[in-house]
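Report on the structure given below.
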Amino acid sequence: MIGLGLAGFAALIALVALGLPIGLVMMVVGFVGLVLVGNIDTALTQLTSAFWSEGSKFVLIALPFYVLMGNLIYHTGIARNLYRAASHWLGWLPGGLGIASVFASAGFGAVSGSSTATARTMGAIVIPEMRRHGYGMRLATGVLSSAGTLGILIPPSIILIFYGLLTETSIGKLFVAGIVPGLIIATIFSILIMVISLIDPEQGGRHLASDRAPLRERIASLAHVFPVLAIFGVIFGGLYNGVFTPTEGAIFGVVAVLIYGAATGSLSFAAIRNSFADAALVTVMLFVIIVGGTLVTRFLAQTGFTGTLRDLIQSMELGYVGFIFAVTILYLVLGCVLDTFGMLILTVPILFPLAQQLGIDPVWFGIYAVIVTEVGLVTPPIGVNVYVIKTVAPDVPLGQIFLGCTPFVLGLLAFVALMAAEPSIILWLVGP
Amino acid sequence: MKALLYLSRGLFVLSAWVCLPSILVVLACDVTLRYFFDSPIRWAQELAEVLLFLSVVLALPESFVRHAHVKADFLKNVLGRAARESVIRLKWALALAICVLIIRQCWADAEYMLLIQDSTPELYVPMAWLRGALALGAAGTAAIALVRLLSPRRLVAADGEEAPLDGRFDGVEP
Amino acid sequence: DPIEVKISYNQPETSPGWQEVMKVFGEELAEKSDGRLKPVYYPGEVLHTVADGFRATGTGITDVTSAWPVYQANSFNLFLGTELPLALPTSDIAAVRALNELYPEFFKKEYERLGVKLAFNAATPGYDILTTKPVKSVDDLKGLKIRAAGGGITEIVERLGAVPVTMTISDAYTAFQQGVVDGIILSTADQVAYRLHEVGKYNYRIGVVRVAIPQAVNPKFYDSLPEDLKTVFDEAALNAAYNYQKMYKNLTASALETMKEEGIEVTEATPEDLAKIEKMVAPMYDAFLEKNADRSPSGADLIEAMTALRDKYEGMSDTEILKLKDTDPAEGLR
Ligand code: NA
Ligand code: NA
């Protein structure tokens with residue numbers, strides 16, 4: 001039976017590697033596996049009931065609506081204004097525009113749920129600016145590819161919702177837990193940019209004193225931060241004052257952006273329509289993976305594969321540090337070829353119970369998993385964020401962009417070491 | 001194919017522009033009534049869940065039409081064109097097989113559900129109808145997969161990706 | 001060759017329900033059959049969701065699991081009578097005894113219509129109300145927003161003058177903490193299991209309703225057992241039913257201990273309060289009687305039988321009732 005599980009897992013990896021859709025592959029492998037461990041009737045029953053039970057989960061509602069909110073934001077021009085404000089205030093530092101883009105990404109993360117969307121949106125705005133100011137493209141593309149991580153850590157966050165769905169961890173707690181690491185990582189990134197700019201002025205671009213905007217203009221630019229604060233405030237104010245739950249918060253995030261769009265005239269009907277369509281597509285795309293993952297998990301559980309693997313890792317007596325180290329290596333390897341959702345769905349059902357046995361907090365593990373899987377978005381050969389940035393900087397060779405990401409990957413890993421040594425960094429805001 | 005694309009498009013309109021906005025309205029009303037008037041709508045959450053399910057299953061065909069999938073494509077440039085073509089055909093074959101199985105099982109489920117009068121708790125939406133919606137989404141996908149599978153033309157484009165379906169509507173931001 | 005028995009459960013391996021009931025049930029099957037029955041364990045919803053319990057058991061995805069009418073409410077009629085307020089005895093042990101006695105005549109047909117057989121009955125402890133605002137009598141509930149699981153419980157909350165709010169249990173903690181709701185109606189044991197006592201400050205103990213949580217067995221599996229193994233199954237199942245109730249009894253006691261340590265104010269409803277509650281929820285009985293008037297046996301027959309059992313066991317101690325398990329075991333469950 002364990003052989004069957006192993007074969008199923010191998011088939012899964014092989015078919016995914018061929019480039020077939022991950023969700024479809026998981027459904028097929030899960031279904032065939034369930035036929036083999038049970039019979040055609042039980043497997044068929046599992047197939048349709050997984051659709052209903054996963055598709056009618058109330059918490060899943062957070063997914064389309066946070067995606068929708070991000071899509072709408074994309075059309076409003078909020079991102080450009082944010083960046084302008086950040087550059088007015090931070091532009092004078094060494095590598096100042098890079099630092100500005102980090103904080104603009106963090107700010108944008110407060111209203112966007114996705115890493116790639118954050119990288120795409122900010123990249124399209126910032127990279128031409130940085131080029132104009134003589135920044136090295138290796139630094140510029142590296143920063144922008146990596147800053148997507150901030151989009152996912154600063155709540156709201158689609159990946160954290162996905163993790164919450166997989167492990168039944170409170171999405172509200174995950175959201176709160178993401179804020180501090182997001183800000184620390186933004187700081188780490190800023191320090192890295194300054195250091196790089198000081199060591200290698202080629203990358204750091206010109207920063208002339210005359211570039212400093214007059215105080216009045218700088219203060220005026222802060223007005224553009226207001227809509228972001230307002231929308232973020234609606235979501236978190238609503239949560240903290242008991243108006244709605246995190247799931248319902250997605251709805252009000254969308255409502256807030258719609259109101260902002262209507263008030264400023266920055267949302268066309270077509271933009272709204274397209275945003276809805278895209279949200280529906282992204283949801284069905286992730287949903288198919290969730291259903292497929294459910295089927296595979298149920299199949300593997302019955303082959304004893306999951307249990308054996310768990311026992312195996314347990315018998316290695318890795319302890320906390322060893323476990324985190326091993327899992328980080330695993331994610332770095334998987335991250336070469338898989339995207340965040342694929343990695344989480346394949347690993348979390350197996351690793352999460354192990355983490356729990358080691359006494360690791362579910363919220364902590366969620367933040368950890370999100371950060372290490374995010375690394376995969378900027379490592380070769382497959383790094384989705386790098387590819388996205390490539391589309392806004394077509395002349396920069398992929399190798400240069402990956403190289404530019406390296407310091408920030410190291411920065412992320414340094415933070416992982418920090419949070420492993422001091423878990424309270426993640427948990428102190430969350431409470432019990 | 002044209003008719004199928006219209007069907008897919010129609011189901012997608014229901015999914016994206018009817019179901020999702022309805023969820024928005026229902027939950028916004030529910031929360032407002034709950035917070036300000038202490039009188040939440042009892043069936044709001046249930047309706048939202050049903051609409052979400054509909055939204056997801058009705059968007060299935062369009063997600064295949066637009067190739068909206070999460071996939072790893074690091075072998076894309078390693079595989080030859082003929083191999084890519086086979087992978088694409090394999091995708092449609094697997095999609096067809098899974099969808100046919102789903103339709104078959106929806107039928108069996110619906111029979112059972114009608115027998116036991118299974119319905120959602122507050123609104124009494126028959127569960128058999130919801131299985132019907134799933135079957136509809138699967139049927140649309142299966143039909144598209146079949147046509148694509150039998151297509152005599154090459155499905156792989158010059159860049160190694162799958163060529164777009166003929167005449168598909170493309171109104172979404174990249 | 002030993003016969004495999006797949007035992008699945010919604011709660012994780014570490015939960016008391018698994019440790020003290022389901023796993024013990026499996027071990028008893030193996031032991032009493034001298035290894036001819038071989039349990040295979042699937043805790044933690046790995047095979048199916050708890051809402052799919054009937055389907056999973058009927059089709060053989062599993063052999064024994066939770067199959068709860070509360071997730072299929074519209075497929076049941078008389079069974080819903082058990083969820084009428086204050087319908088079952090106040091003792092956890094007596095409650096399952098009553099369910100076992102009522103099952104063959106009133107519930108069996110409905111339950112088996114869903115394609116399963118009963119493995120064993122169980123019921124949650126009575127539901128109490130945990131709030132962040134002071135509640136010491138039923139009048140204090142007026143206007144409070146209370147999270148309720150739906151169905152009959154939602155209606156009870158409404159009839160007690162509070163505002164029922166539906167939400168998933170995973171959202172409930174945060175919602176309670178942030179004040180989206182002022183309270184939660186749940187058994188005291190489960191209030192602590194879901195750590196809601198970290199938020200709530202007042203536990204108003206009314207035990208107003210129990211939720212029946214029977215476990216089902218795949219009929220093909222059960223019918224295929226030789227007679228002696230059927231007997232083994234029946235015995236182990238009966239023990240499991242009482243183990244479930246003992247577990248809950250202990251959990252409630254330790255939950256109350258925890259609440260005491262954490263300074264939560266626990267108020268037991270007075271007889272006058274309970275009488276008042278009974279009056280407030282009376283229309284639910286009328287509706288039930290009307291809806292099930294033409295059935296045979298009718299809703300009135302069930303209410304009469306339930307009331308008789310409640311009164312009978314109210315006068316007996318748990319030890320006495322447990323003795324009945326051996327002298328007068330449950331018959332006709334399968
Ligand atoms: Na975010
Ligand atoms: Na990568």
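Lettering follows sequence order; numbering is per chain, from 1.
- A distance of 9.5 Å separates CH2 in Trp92(B) from CG in Leu24(A), rounded to the nearest 0.5 Å.
- If you tally non-hydrogen atom pairs under 4.5 Å between each of Ser55(B), Ala95(B), Ala108(B) and chain A, the highest count goes to Ala95(B).
- Proximity to chain A (any heavy atom under 4.5 Å) is shown, for Phe53(B), by both the backbone and the side chain.
- Heavy-atom pairs under 4.5 Å with chain B peak, among Leu68(A), Ile61(A), Leu60(A), Leu47(A), at Ile61(A).
- Scanning both residues, Leu52(B) and Pro64(A), for their nearest heavy atoms gives CD1-CG, 3.9 Å.
- Residue Leu79(B) touches chain A through its side chain alone, counting heavy-atom pairs closer than 4.5 Å.
- Of all the heavy atoms in Phe12(B) and Ala277(A), the pair that sits closest is CZ-O, 3.3 Å.
- Top candidate by heavy-atom pairs under 4.5 Å with chain A, chosen from Ala97(B), Ala135(B), Ala59(B), is Ala59(B).
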| task | Take Thr283(A) and Leu20(B), measure what side chain to side chain contact (heavy atoms under 4.5 Å, CB included) needs, and give me the verdict at the end. | result | CA-CA 11 Å; Thr283(A) 307; Leu20(B) 284 186; 5.7 Å; no

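- The NE2 atom of His69(B) sits 9.5 Å away from atom CE of Met285(A), with the distance rounded to the nearest 0.5 Å.
- The backbone N or O of Arg273(A) lies less than 3.5 Å from a partner atom in the side chain of Trp17(B), making a donor-acceptor pair.
- Taking Val255(A), Ile40(A), Ile251(A) one by one and counting their heavy-atom pairs under 4.5 Å with chain B, the maximum is reached by Ile251(A).
- The contact between Leu134(B) and chain A is made entirely by side chain atoms (from C-beta outward), counting heavy-atom distances below 4.5 Å.
- Within the 4.5 angstrom heavy-atom criterion, only side-chain atoms of Leu130(B), from C-beta onward, approach chain A.
- Going from atom CD of Gln45(B) over to atom OG of Ser56(A) covers 10.5 Å, rounded to the nearest 0.5 Å.
- With a 4.5 Å cut-off on non-hydrogen atoms, Phe276(A) touches chain B through its backbone and its side chain both.
- The number of heavy atoms from other shown groups lying within 6.0 Å of CZ (Arg104(B)) does not exceed 12.
- With rounding to the nearest 0.5 Å, the separation of CD in Gln105(B) from CD in Gln46(A) is 10.0 Å.
- Separating the CD1 atom in Ile102(B) from the CE atom in Met27(A) is a distance of 5.5 Å, to the nearest 0.5 Å.
- Contact count against chain B (heavy-atom pairs under 4.5 Å) is highest for Phe58(A) among Phe65(A), Phe58(A), Phe252(A), Phe51(A).
- Residue contact with chain B, scored on non-hydrogen atoms closer than 4.5 Å, is absent for Ser275(A).
- Here Thr45(A) is the residue among Leu15(A), Val254(A), Thr45(A), Val25(A) with the most heavy-atom pairs under 4.5 Å with chain B.
- To the nearest 0.5 Å, atoms CD1 (Ile103(B)) and OG1 (Thr48(A)) are separated by 12.0 Å.
- Listed here is the closest heavy atom pair of Ser63(B) and Leu281(A): CA-CD2, 3.8 Å.
- Only the side chain of Phe31(A) comes within contact range of chain B, with at least one heavy atom under 4.5 Å from a heavy atom of that chain.
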| message | Test side chain to side chain contact (heavy atoms under 4.5 Å, CB included) on Leu60(B) and Val288(A); report intermediate values, then the result. | response | CA-CA 9 Å; Leu60(B) 272 175; Val288(A) 171; 3.8 Å; yes

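- Pairing each heavy atom of Phe287(A) with each of Val56(B), the nearest pair is CD2-CG1, 2.8 Å.
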